[in-house]
Amino acid sequence: MRFAVVVFPGSNCDKDCVRALRDVMGQDVAEVWHTETSLSGFDAVVLPGGFSYGDYLRCGAIARFSKIMRAVKEHADRGGLVLGICNGFQILVEAHLLPGALIRNRSLKFMCRPVWLKRERRDSLFTARGEDFLRLPIAHGEGQYFIDAEGYRKLEDEGRIAYRYEAPPGIEQAENPNGSVGRIAGILNAKGNILGMMPHPERACEEFTGGVTHGRWIFESMIAHLTGERAARAGIAA
């Protein structure tokens, strides 16, 4: 499979994503500068974390106008996978590829620590592998997910909440570290081929970075879907 990691001015997690996908998951990965206008030939696109354009105006508000974002939308419209992590999630929201908004943490402080998440559905293209609870790091100042009551009900009714902040039974954790509506940590678009999430799966793929490799489950889910899709196309062609 071929993955594109989009790089904006101010991205700082792009190398982490490349390492996770190429060196850990064994995939073909290319870094794509934000001024490019095509994502032809890629199976999946990753918008990494960081501080695109210095987070001026609002996080992701300037990056949404980068030339590459039209190609990201076209890729998603074709059914291609798109994963937005942290600042990448903020960019997807600003580009209206995902609903809602990401605002200052309720504490008004930058948060950088591991958190527990609960997988809300097991059948999405991003969540099919692994277990129901996973531990990933967060690193954000504007990670509080907000959506109005009607929008929240729609996410619930359509099964588009992928992850919530929640620890396994018997483990203590602040129930909602940044104050997100419904403890939301990650959401899907209506077609299910775009995932935006604040925690960083790419930073939890090797044991030496924190002792857990739960981040692999997300990438394994994506790869399994893409592998199955390619096999199906080959079968039809045969």
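If you read the sequence from its start, that first residue is 1, and numbering goes on from there. Note that these values count all heavy atoms, side chains included, but never hydrogens, waters or copies made by symmetry. Keep in mind that this is a model prediction, so the values were computed, not measured.
Two rings, from Tyr53 and His34, have their centers less than 6.0 Å apart.
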Exercise for the section: Under the side chain to side chain contact (heavy atoms under 4.5 Å, CB included) rule, what do Glu142 and Ile103 come out as? Steps first, then yes or no, please. Expected result: CA-CA 5 Å; Glu142 292 83 13; Ile103 60 177; over 6 Å; no
Problem - Intermediate values then yes/no, side chain to side chain contact (heavy atoms under 4.5 Å, CB included), Leu39 and Val32 - result: CA-CA 8 Å; Leu39 288 165; Val32 178; 4.3 Å; yes
Exercise for the section: Kindly indicate, with the supporting measurements, whether the criterion side chain to side chain contact (heavy atoms under 4.5 Å, CB included) is fulfilled by Trp217 and Leu134. Expected result: CA-CA 9 Å; Trp217 297 339; Leu134 61 165; 3.6 Å; yes
Exercise for the section: Apply side chain to side chain contact (heavy atoms under 4.5 Å, CB included) to the pair Arg230 and Met1, showing each step before the final yes or no. Expected result: CA-CA 9 Å; Arg230 180 171 291 184; Met1 300 304 131; 3.6 Å; yes
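No more than 12 heavy-atom neighbours from other residues, nucleotides or ligands sit within 6.0 angstrom of CZ on Arg129. Heavy-atom neighbours of Tyr56 OH from other residues, nucleotides or ligands within 6.0 Å: at or below the threshold of 12.
A continuous path of ILVMFWY side-chain contacts below 4.5 Å connects Leu226 to Val24, so both sit in one hydrophobic cluster. By the criterion of side-chain heavy atoms lying less than 4.5 angstrom apart, applied directly or through intervening Ile, Leu, Val, Met, Phe, Trp or Tyr residues, Phe42 is grouped together with Phe126 in one hydrophobic cluster. Put simply, Tyr152 and Phe89 are part of the same group of oily side chains (I, L, V, M, F, W, Y) that touch within less than 4.5 Å, one to the next. Under the 4.5 Å side-chain contact rule for hydrophobic residues, Phe8 and Phe51 do not share a cluster. Val82 and Val7 fall into different hydrophobic clusters, defined by Ile, Leu, Val, Met, Phe, Trp and Tyr side-chain heavy atoms under 4.5 Å apart, directly or through other members.
No side-chain heavy atom of Leu102 sits under 4.5 Å from any side-chain heavy atom of Cys59. His214 has its side chain out of reach of Glu131: every pair of non-hydrogen atoms, C-beta onward, lies at least 4.5 Å apart. Annotation: side chain of Lys73 is in contact with side chain of Leu97 (closest heavy-atom distance under 4.5 Å). Using a 4.5 Å heavy-atom threshold, the side chains of Pro177 and Met111 count as touching. Residues Met69 and Leu47 form a side-chain contact, since some pair of their non-hydrogen atoms from C-beta on lies under 4.5 Å apart. Between Met222 and Phe3, the closest side-chain pair of non-hydrogen atoms falls below 4.5 Å. The side-chain heavy atoms of Val5 and Cys17, taken from C-beta on, include a pair separated by under 4.5 Å.
In this structure, Ser66 contributes its side chain and Ile68 its backbone to no donor-acceptor pair below 3.5 Å. Side-chain atoms of His75 come within 3.5 Å of backbone atoms of Leu81 as a donor-acceptor pair (strictly under, hydrogens ignored). At least one donor-acceptor pair closer than 3.5 Å links the side chain of Lys191 to the backbone N or O of Ala76. Put simply, the side chain of Arg122 never gets that close to the backbone of Ala128: no donor and acceptor are under 3.5 Å apart. For the pair Ser52 (side chain) and Ala63 (backbone), a donor-acceptor distance under 3.5 Å is absent. Between the side chain of His200 and the main chain of Ile138, no donor-acceptor pair closer than 3.5 Å is present. Under the 3.5 Å distance criterion, the side-chain polar atoms of Asp148 are matched with a main-chain donor or acceptor of Gly151. The backbone N or O of Asp23 sits nowhere less than 3.5 Å from a side-chain atom of Arg19 that would complete a donor-acceptor pair. The main-chain N or O of Arg104 is found under 3.5 Å from a side-chain atom of Gln144 such that the two form a donor-acceptor pair.
Ion pair Arg2/Asp43 not flagged as a salt bridge, since none of the NZ, NE, NH1 or NH2 atoms sits closer than 4.0 Å to an Asp/Glu carboxylate oxygen. In this structure, Lys67 does not pair ionically with Glu36, as no charged nitrogen and carboxylate oxygen lie closer than 4.0 Å. For the pair Lys15 and Glu31, the salt-bridge criterion is met [side-chain N within less than 4.0 Å of a carboxylate O]. A salt bridge does not link Arg78 with Glu229: every distance from a Lys NZ or Arg NE/NH1/NH2 to an Asp or Glu carboxylate oxygen is 4.0 Å or more.
Atom CG of residue Leu98 and atom CD1 of residue Ile147 lie 9.5 Å apart, to the nearest 0.5 angstrom. To the nearest 0.5 Å, the span separating CE on Met197 from CG on Leu136 amounts to 5.5 Å. Separating the CZ atom in Arg216 from the SG atom in Cys205 is a distance of 6.5 Å, to the nearest 0.5 Å. The line from CD1 of Ile161 to CD of Glu156 is 4.0 Å long, rounded to the nearest 0.5 Å. Atom-to-atom distance recorded for Met25:CE and Glu202:CD is 13.0 Å, nearest 0.5 angstrom. Interatomic distance, Glu150 CD to Asp157 CG, rounded to the nearest 0.5 Å: 10.5 Å.
Taking each heavy atom of Gly196 and Leu92 in turn, the nearest pair found is CA-CD1, 4.5 Å. The minimum heavy-atom distance linking Trp116 with Ala167 is given by the pair CB-CA, 3.5 Å. Nearest heavy atoms, Arg203 versus Pro137: CB-CG, 3.7 Å. Considering every non-hydrogen atom in both Lys109 and Asn105, the closest pair reads O-ND2, 2.9 Å. Taking all atoms of both residues into account, the shortest heavy-atom contact from Val93 to Pro99 is CG2-O, 4.0 Å. Pairing each heavy atom of Arg106 with each of Gly179, the nearest pair is NH2-O, 3.3 Å.
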Name every donor-acceptor pair, under 3.5 Å, that has one atom in a side chain of residues 180-189 and the other anywhere in the protein, sequence neighbours excluded.
| from | atom 1 | to | atom 2 | distance (Å) |
| --- | --- | --- | --- | --- |
| Ser180 | OG | Gly143 | O | 3.4 |
| Ser180 | OG | Tyr145 | N | 2.9 |
| Ser180 | OG | Asn178 | OD1 | 2.7 |
| Ser180 | OG | Ile184 | O | 3.3 |
| Arg183 | NH1 | Tyr165 | O | 3.1 |
| Arg183 | NH1 | Glu166 | OE1 | 3.3 |
| Asn189 | OD1 | Gly192 | N | 2.9 |
| Asn189 | OD1 | Asn193 | N | 2.9 |
| Asn189 | OD1 | Ile194 | N | 2.9 |
| Asn189 | ND2 | Asn193 | OD1 | 2.9 |

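Evaluated for a side chain to side chain contact (heavy atoms under 4.5 Å, CB included) with Pro201, the options Val46, Leu195, Ile218, Asp16 yield exactly one hit, Ile218.
Side-chain contact annotation: Tyr163 with Thr127, donor-acceptor N/O pair under 3.5 Å absent.
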